[in-house]
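None of these values were measured; they are calculated from a predicted model.
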Amino acid sequence: MLRHAARGVCRAAGLRSVSSSTAAFQELNASEQSKKEFLSKFAAFQGTMNEPEFPSNFVKPVEKAENASVPDKLKFNFYIPSAAINQGSSVDLVLLPATTGDFGVMPGHVPTVAELRPGVVSVHNELDKDVTKYFVSGGFAFIHADSTTDVCAVEAVPLSDIDSDAVRAGLAEYTGKLASLQGKGDDYELAAAQAGVEVYSALNSALGL
């Protein structure tokens, strides 16, 4: 019944088929008059159904402050499960190793959520002068509209604390395991070996070995 009603309303309103994301965007920008026109046509097919809700009913309008400007510094929070590495730090730039590619975050960056792959997080307290680098095994980054960035990592180790000999040995060990497990059907061991190769390869690259 609901599907029939929706089709009838679309025919009556003369609406063309659009994707859900496009429809949501149009609804958010629709005038109150447009909503009233839609609801008046919907009434003929409504029956016992409630009136439909619009996305704009749940979205609070963003009030842009007068003379708003981009701050000079990025507010940076960096967390691992056991500690807060940075909390409310003011920095110039953060470079992140996302699964879609490395990217930098500066004040005024567009809001973004990114999954992190094994790689280096570079924190520029002062651009290109005071830089601290951490190796992370994975996690997520949340870039907010107010020039705040939160990074939540599974593990994070200062790059200067990593033993290059241990990295070479680990990469050799997991590469050998991966080769020996090919075609043997042990999915868990194979996945663990692949993850080990990925992490140690990233460590190897980060140290320039």
Side-chain angles (χ1 to χ4, degrees), residues 21 70-71 73-209:
S21 60
V70 176
K73 291 281 190 175
L74 180 75
K75 185 177 179 181
F76 181 56
N77 302 307
F78 188 10
Y79 305 106
I80 57 175
S82 59
I85 297 173
N86 289 81
Q87 192 161 18
S89 302
S90 295
V91 304
D92 284 340
L93 169 70
V94 178
L95 297 175
L96 300 171
T99 55
T100 53
D102 294 357
F103 71 100
V105 182
M106 299 182 75
H109 196 287
V110 296
T112 306
V113 176
E115 182 181 0
L116 304 180
R117 71 177 196 283
V120 177
V121 171
S122 299
V123 182
H124 290 241
N125 299 295
E126 187 177 354
L127 190 61
D128 294 332
K129 293 181 181 179
D130 180 7
V131 183
T132 306
K133 296 183 178 182
Y134 300 89
F135 184 85
V136 299
S137 58
F140 286 89
F142 305 89
I143 296 95
H144 307 283
D146 63 353
S147 293
T148 298
T149 294
D150 301 319
V151 171
C152 301
V154 178
E155 297 173 295
V157 180
L159 204 58
S160 57
D161 290 353
I162 297 174
D163 185 340
S164 58
D165 291 333
V167 171
R168 291 190 187 95
L171 180 58
E173 177 186 352
Y174 279 99
T175 300
K177 282 184 179 180
L178 183 61
S180 66
L181 289 168
Q182 295 295 334
K184 294 194 175 178
D186 190 331
D187 292 340
Y188 176 80
E189 292 294 335
L190 183 62
Q194 288 173 332
V197 169
E198 181 182 3
V199 170
Y200 277 103
S201 295
L203 278 165
N204 193 68
S205 177
L207 295 174
L209 303 178

So do [Y] and [X] actually touch side chain to side chain, heavy atoms under 4.5 Å?
X    : Y    : answer
D165 : R168 : yes
F76  : V151 : yes
Y174 : E198 : no
S89  : F78  : no
L207 : L159 : yes

Atom of [X], atom of [Y] and distance for their closest heavy-atom approach:
X    : Y    : answer
L181 : L190 : CD1-N, 3.9 Å
A84  : Q87  : CB-OE1, 3.9 Å
K133 : S122 : CG-OG, 3.6 Å
D92  : E126 : OD2-CA, 3.3 Å
P81  : V154 : CD-O, 3.3 Å

Please output the side-chain donor-acceptor pairs of residues 93-116 that fall under 3.5 Å, not counting sequence neighbours, one pair per line with the distance.
residue: D102; atom: OD1; partner: R117; partner atom: NH1; Å: 2.9
residue: D102; atom: OD1; partner: R117; partner atom: NH2; Å: 2.9
residue: T112; atom: OG1; partner: V110; partner atom: O; Å: 3.0

Under the 3.5 angstrom rule, does the side chain of T175 hit a backbone N or O of A172 as a donor-acceptor pair?
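The answer is no, because no donor-acceptor pair under 3.5 Å joins these two groups.
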Under 3.5 Å, is there a donor-acceptor pair between the side chain of N125 and the main chain of V91?
no
Reported [atom1]-to-[atom2] distance for the pair [X] and [Y], which is rounded to 0.5 angstrom:
X    : Y    : atom1 : atom2 : result
N86  : D150 : CG    : CG    : 11.0 Å
T148 : L74  : OG1   : CG    : 7.0 Å
L171 : S205 : CG    : OG    : 11.0 Å

Check the pair D161 / F135 against side-chain contact (heavy atoms from CB on, under 4.5 Å), numbers first and verdict last.
CA-CA 10 Å; D161 290 353; F135 184 85; over 6 Å; no
